[in-house]
> 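Take a look at the following structure, please.
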Amino acid sequence: MNDADSIVELIPRLRRYARALAGDRIAADDLVQDTLERAWSKFHLYRRGTDLRAWLFTVMHNVYVNQLRASRPVATLDEEMPELSQPSRETDMLVLRDLDAAIRRLPPDQREVLLLVALEEMSYEEAAGTLGIPIGTVMSRLARAREKLRAMLSGLPPGGGKQLKIVK
Amino acid sequence: MQDDAEMKEISKALHQLYDPVLEESVPERLRTRVARRGLWRPAAIAAGWVAVGLAAGVVAGWQLHVARTVVSAQAEVPGFVKRAAVAHAVYSPEVRHPVEVGADQEQHLVAWLSKRLGAPLRAPKLEELGYSLVGGRLLPGESGPVAHFMYQSKQGTRVTLYVRTDAVGNRETAFRYATEGNVKVFYWIDRKLGYALSSADIGTDDLLKVANAVYQQLNP
């Protein structure tokens with residue numbers, strides 16, 4: 001499999017992460033597109049034999065951070081969001097959406113850590129490598145993210161210590 | 001800590017919310033981005049505008065000879081004009097996929113391209129001259145994204161409008177004319193934006209009429 005094939009195979013993973021990170025579909029695919037362009041132009045920096053997915057996520061992280069810095073105004077687009085999956089029996093869709101909305105309100109650095117660990121199922125070490133930060137920072141950002149989520153979902157101030165309940 | 005129940009629930013919820021994305025078909029603009037670069041990598045990236053002409057390797061009977069154009073590049077014709085001509089030669093013969101986003105989503109197309117170029121764009125209305133918008137696409141330019149709009153007449157003749165930002169010189173220019181292979185191009189620079197209107201299907205006089213209409217609409 002050549003490099004292009006390997007990258008194409010990872011596009012769905014990049015899109016999933018981007019969708020969770022950036023929110024709407026267009027912004028997420030713009031992020032993926034910018035990531036792919038940058039990845040190709042920097043492909044000589046990729047070390048063969050290392051994890052290509054982690055490398056692409058690093059590229060996406062850098063693109064994302066640059067975009068935040070430039071804070072380009074987001075055009076309002078009226079394309080419909082895709083239908084979400086059918087709510088399963090054990091999890092209430094409203095609760096899911098609440099969680100999603102709460103994650104969006106997290107500061108970007110905490111949201112990234114949370115998504116890499118909880119959605120991409122990276123170890124703390126992998127997340128640290130992807131974001132280029134120490135493991136201790138990953139752990140503290142994750143702890144802060146969880147505390148904020150708990151507070152937002154329970155309506156309690158942070159530090160309330162209440163366990164997040166998202167399953168009935 | 002990663003194994004605790006709360007983290008598992010967050011993880012499960014995120015998968016429920018976002019795993020459906022994995023099943024979606026990947027938009028063409030993302031697939032072609034890789035395929036396009038993939039074919040030419042690595043040498044062609046340095047070759048700049050040639051990368052636009054991905055199809056050159058595929059379309060055997062292509063009239064615009066990329067290699068010759070590069071070598072005999074006339075110094076006075078800006079690079080973006082050549083890129084515009086190549087883009088026209090590549091995309092205008094397309095029957096099934098002439099554009100990335102169709103005219104039925106014009107509002108979205110214009111908003112998207114404006115956002116990517118960082119400049120407010122408009123797709124001129126050319127119905128009075130017998131041309132309707134087919135749609136447009138995003139293309140890689142010399143230093144960033146460029147916009148490409150395609151128009152078609154009832155007879156099937158096509159003209160394309162190529163718009164780039166950060167035009168060199170930032171000076172307004174009169175219409176200039178260039179040919180690349182069988183593609184005729186009228187181009188002009190207006191403040192930040194460079195425009196190139198191309199066609200291989202119609203005469204110079206008709207193309208100039210279209211160029212005038214485009215210019216007047218974009219500079220009321």
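Each chain gets a letter, A, B and so on, in the order the sequences are listed, and its residues count up from 1.
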> I would like to know whether A:L149 and B:E6 meet side-chain contact (heavy atoms from CB on, under 4.5 Å); could you show each step before the answer?
CA-CA 11 Å; A:L149 286 182; B:E6 184 188 77; over 6 Å; no
> How about CD on B:E127, more than 12 heavy atoms from neighbouring residues, nucleotides or ligands closer than 6.0 Å, or not?
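Yes, enclosed.
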> Chain B: which of A:L14, A:T35, A:V32 shares the most heavy-atom pairs with it under 4.5 Å?
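Of A:L14, A:T35, A:V32, A:V32 has the most heavy-atom pairs under 4.5 Å with chain B.
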> Is the shortest heavy-atom distance from the side chain of A:D34 to the side chain of B:R116 under 4.5 Å?
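Sidechains of B:R116 and A:D34: in contact.
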> Less than 4.5 Å apart, side chain to side chain, heavy atoms only: is that true for A:L142 and B:M7?
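Result yes, sub-4.5 Å side-chain heavy-atom pair found.
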> Do A:P12 and B:V26 come within less than 4.5 Å of each other through their side chains, counting heavy atoms only?
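Side-chain contact under 4.5 Å: yes.
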> Measuring only between side-chain heavy atoms, which start at C-beta, is A:D100 closer than 4.5 Å to B:Y18?
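The answer is yes; the side chains approach within 4.5 Å.
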> Can you check side-chain contact (heavy atoms from CB on, under 4.5 Å) on A:D30 and B:K115, steps first, answer last?
CA-CA 10 Å; A:D30 283 354; B:K115 184 184 160 205; 2.9 Å; yes
> Yes or no on salt bridge (charged side-chain N to carboxylate O under 4.0 Å, His left out) for B:E24 and A:R19, after CA distance, side-chain angles and deciding distance?
CA-CA 12 Å; B:E24 289 176 13; A:R19 191 77 59 87; 2.8 Å; yes
> For a quick test of reading the model, state the closest non-hydrogen atom pair linking B:S11 to A:A118 and the distance between them.
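Closest approach of B:S11 to A:A118: OG-O, 2.7 Å.
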> Between B:D4 and A:R146, does any side-chain N to carboxylate O distance fall below 4.0 Å?
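Salt bridge between B:D4 and A:R146, a charged N being under 4.0 Å from a carboxylate O: yes.
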> Under 4.5 Å heavy-atom distance to chain A, tell me which part of B:S114 shows up: side chain, backbone, both or neither.
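Nothing of B:S114, per the 4.5 Å heavy-atom cut-off to chain A.
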> Are any non-hydrogen side-chain atoms of A:R16 and B:H15 less than 4.5 angstrom apart?
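A:R16 reaches B:H15 side chain to side chain.
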> Would you mind reporting whether B:P27 and A:R15 have side-chain heavy atoms less than 4.5 Å apart?
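The answer is yes, as the side chains (C-beta and beyond) meet within the 4.5 Å cut-off.
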> What distance do A:D29 atom CG and B:L30 atom CG have between them, rounded to the nearest 0.5 Å?
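The distance works out to 5.0 Å.
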> Let me know if A:I103 has heavy atoms under 4.5 Å from chain B in its side chain, its backbone, both or neither.
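Answer is side chain: those atoms of A:I103 sit under 4.5 Å from chain B.
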> Is the shortest heavy-atom distance from the side chain of A:E37 to the side chain of B:P140 under 4.5 Å?
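No; the side chains remain at least 4.5 Å from each other.
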